[in-house]
Each structure stands twice: as C-alpha cells, then as structure tokens.
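Everything below concerns the one structure shown next.
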Amino acid sequence: MSLNYSHTGLPNSPLSFCYTDPEISVNSGQMFLWQKFDNSWYGVYGDHILKFSILGQDKEGTNEYDNVQFLSFPEFKNWERHVFRLDDDIKNILSGFGKDLILSKAIRMYPGLRVMRQEPQQCMISFACASNTNIAMIRRMLSNICKKFGDPVSIDGREFFTFPNADRLNKVTTNELLSCAVGYRVKAIKAVANAIASNNIDIDYLKRAKYNASKEELLKIYGIGNKISDCILLFSLDKLEAFPIDVWITRVLSLFYPWLLNENKKENDNKQRTLKTDEKLLYRYKYEILSENIRRYFGKYAGYAQQYLFYYIRQKESRKW
DNA sequence: GTACAGGCAGTAT
DNA sequence: ATACTGCCTGTA
C-alpha cells in the first residue's frame with residue numbers, strides 16, 4: 001500500500017497523520033490515546049494496542065512512502081480497515097458535499113480526512129470525560145485511567161496500557177478514579193461503566209438501531225448529553241449522520257452557515273449577531289432542532305462534514321490541541 | 001489572582 | 001420551555 005504521511009495537522013499537534021491510497025488523516029479529537037514514536041504510531045483500541053509504521057523513504061518531500069506496516073497486540077487482523085473505515089465509499093461521500101463551497105475547500109485542504117472508528121466502551125468512557133474541558137486534559141485523564149486500571153503491554157521496549165473495560169471500571173472506587181484527575185466527571189464515568197456492565201444498555205443494539213433510537217438510550221445515562229452522545233454515535237456506533245455540535249462547530253456555523261442558525265432563532269433578535277452571541281446559542285437554540293436541520297442540510301454522512309468543518313475551524317484559529 | 005477550556009444536570013423563573 | 005449556575009483540573 002502506498003502511503004502518504006504528513007503532519008497535515010495543526011501546527012503544534014503531535015498527533016494527526018494521513019496517508020494516501022486511500023488518503024487518511026484524523027482529528028486528534030478522535031485519537032485521544034494515540035502516540036507517535038520514531039516512525040510508528042501506537043494507539044489503544046480497548047484491549048488491543050494498534051501500531052502502524054512508515055517504512056521506506058520519503059520520495060523527496062512528497063510525503064509518499066511505499067510501505068506501511070500495520071501491527072496489533074494481540075492480533076487484530078486488518079484493523080486498519082475497521083478503524084479507518086476503509087469500507088466507506090469516501091469518494092461518494094465527499095462528492096456529495098461538492099456543492100458546498102466551504103466543505104469543498106476543507107476537503108481540498110485535508111484530502112482524505114476520515115472518521116475513525118473507536119472501540120465502543122472506550123469511546124463512551126472517553127467522551128464521558130469530555131465535558132467542559134479540552135483535548136489535552138482528556139488525553140491526560142484517559143492515559144491516567146489506562147495506567148491505573150488497564151493491563152500493561154510491552155511493545156518495542158515501551159510500555160503501553162490497554163483501556164479497562166466497563167466491568168473493570170464498574171468495580172473501581174470513586175477515589176481511585178478521582179486520582180486520575182477526572183474531577184466531577186467521575187459520576188459520568190461510573191454511570192457509563194455501570195450501564196454497560198449491568199446490561200442496562202446493549203452496545204450491539206445501539207449499533208443495530210437507528211440514530212434516534214440509539215441516541216435516546218445514550219441520553220438516559222447520567223453525564224451523557226446531546227453533544228457527547230453524538231460523538232459516541234459517530235465515532236463508535238456507525239451513525240455517520242451524527243453531527244456533534246460543540247463550541248467550535250457553533251463558531252464555524254456562525255461564520256459560514258449563519259442561515260442554519262438563524263432558522264432556529266427563537267425570536268427575531270435584532271441585536272447584532274457576533275461570535276460571542278453565537279457561542280451562547282446552544283443555550284438559546286434547541287440542540288435537537290438545530291441538529292435536525294443540520295442533518296437535513298448535510299445529509300446522511302453529516303458526521304464526515306462535521307469532521308472537515310471541525311478540523312478546518314480549529315486550524316483556522318490556530319488552536320493547539 | 002482571573003479567565004477559560006470540545007457540557008452537563010439541577011434549579012429557578 | 002428557557003435561562004442561569006456550579007463544577008474538577010490545569011494552563012495562560
């Protein structure tokens with residue numbers, strides 16, 4: 001497989017990678033537990049550690065490499081197909097956005113940006129940690145959780161830790177979790193672990209069910225609201241229409257899709273619209289209605305659009321991850 | 001010291 | 001229904 005690796009990413013990002021044929025890059029937000037050492041990337045997928053290595057020479061600054069090796073511990077055959085969603089018809093998905101100028105631009109800038117598929121239990125716990133904080137903090141919390149409750153795996157002379165499953169996390173004490181610097185999110189983490197461990201929610205069902213039914217189940221869990229459930233649905237439950245709306249997405253909508261927001265204005269608010277006022281708009285607009293309108297506009301692969309827009313606005317604002 | 005970071009639940013109106 | 005508030009932790 002020909003591979004094209006580059007730091008497409010954000011200037012300060014230690015993360016983000018892409019390769020071509022098919023081209024891939026991924027938002028850091030999707031890869032909390034990935035790290036790069038030398039020419040290899042290592043990532044945690046539940047109780048597996050995944051690895052891929054860039055072998056061979058860079059063809060004179062083209063970032064094209066002729067050989068990439070995918071490994072996993074323990075064995076997880078063809079994990080790259082699963083994790084990078086190589087079965088998605090990316091050409092078809094992206095061509096569907098062709099009429100949208102902003103998306104077209106973002107797609108040209110970040111060719112092959114993908115939605116990554118995460119291990120569902122890990123994904124649910126990860127986003128339970130995501131409220132009111134930033135990516136660096138989430139990475140720290142999750143890394144702490146793995147170190148404390150996961151199993152060590154030694155690879156290439158380095159120690160990695162698997163992600164503890166729900167049964168394990170369901171048994172740990174609140175204080176043990178608090179030592180992972182998760183703060184008040186401990187209640188959400190325990191609620192997720194308990195819901196899975198006690199079969200109150202069934203991940204197979206969540207995968208099978210349609211977006212709305214699946215989301216309804218997730219929203220029953222303490223600490224899992226609209227945005228976080230959409231992340232879980234998109235990144236681990238194969239709901240490609242899920243479109244998580246956070247402050248960054250709100251900004252990009254405000255800048256480039258104001259009509260989507262204005263449709264939902266509660267009253268005709270004559271005040272001048274500014275970024276600041278728009279950022280507060282999730283207080284003033286119903287997430288559900290906004291979400292429906294957005295999914296109607298972007299279509300059944302809205303989640304892919306969300307990733308391009310998120311990546312675009314983050315880079316535009318030069319955010320460090 | 002203060003503001004703020006990829007939300008959420010609880011409470012008051 | 002909608003507005004407002006506090007919240008762990010860490011960094012700028």
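Given the structure is predicted, the values throughout are model-derived calculations rather than measurements. In what follows, chains are A, B, ... by sequence order, proteins preceding strands, each numbered from 1.
For A:Lys300, the salt bridge (charged side-chain N to carboxylate O under 4.0 Å, His left out) criterion is met by no residue, not counting sequence neighbours. Residues forming a salt bridge (charged side-chain N to carboxylate O under 4.0 Å, His left out) with A:Asp167 (at least two apart in sequence, or on another chain): none. Partners of A:Glu119 by salt bridge (charged side-chain N to carboxylate O under 4.0 Å, His left out), not counting sequence neighbours: none found. With sequence neighbours left out, the salt bridge (charged side-chain N to carboxylate O under 4.0 Å, His left out) criterion links A:Arg81 to A:Asp87. Legend: residues meeting ring pair (Phe, Tyr, Trp, His ring centres under 6.0 Å) with A:Tyr45, ordered by chain and number and at least two apart, are A:Phe76, A:His82. With sequence neighbours excluded, the residues forming a side-chain contact (heavy atoms from CB on, under 4.5 Å) with A:Ser198 are A:Asn194, A:Asn200, listed by chain and number.
Near DNA chain B, meaning a heavy atom under 4.0 Å away, the residues from residues 209-232 of chain A are A:Ile221, A:Tyr222, A:Gly223, A:Ile224, A:Gly225, A:Asn226, A:Lys227, A:Ile228, A:Cys231. A heavy-atom distance below 4.0 Å to DNA chain B is reached by none of the residues of residues 142-150 of chain A.
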Under-3.5 Å N/O pairs linking protein and nucleotides 11-13 of chain B:
none

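The salt bridge (charged side-chain N to carboxylate O under 4.0 Å, His left out) contacts involving residues 199-215 of chain A comprise A:Lys215-A:Asp230, where partners must be two or more places apart or lie in separate chains. For residues 180-200 of chain A, no residue pair satisfies the salt bridge (charged side-chain N to carboxylate O under 4.0 Å, His left out) rule, not counting sequence neighbours.
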How would DNA chain B look in dot-bracket form, 5' to 3', counting Watson-Crick and G-U wobble pairs with both distances under 3.5 Å and writing | for bases paired to another strand?
.||||.|||||||

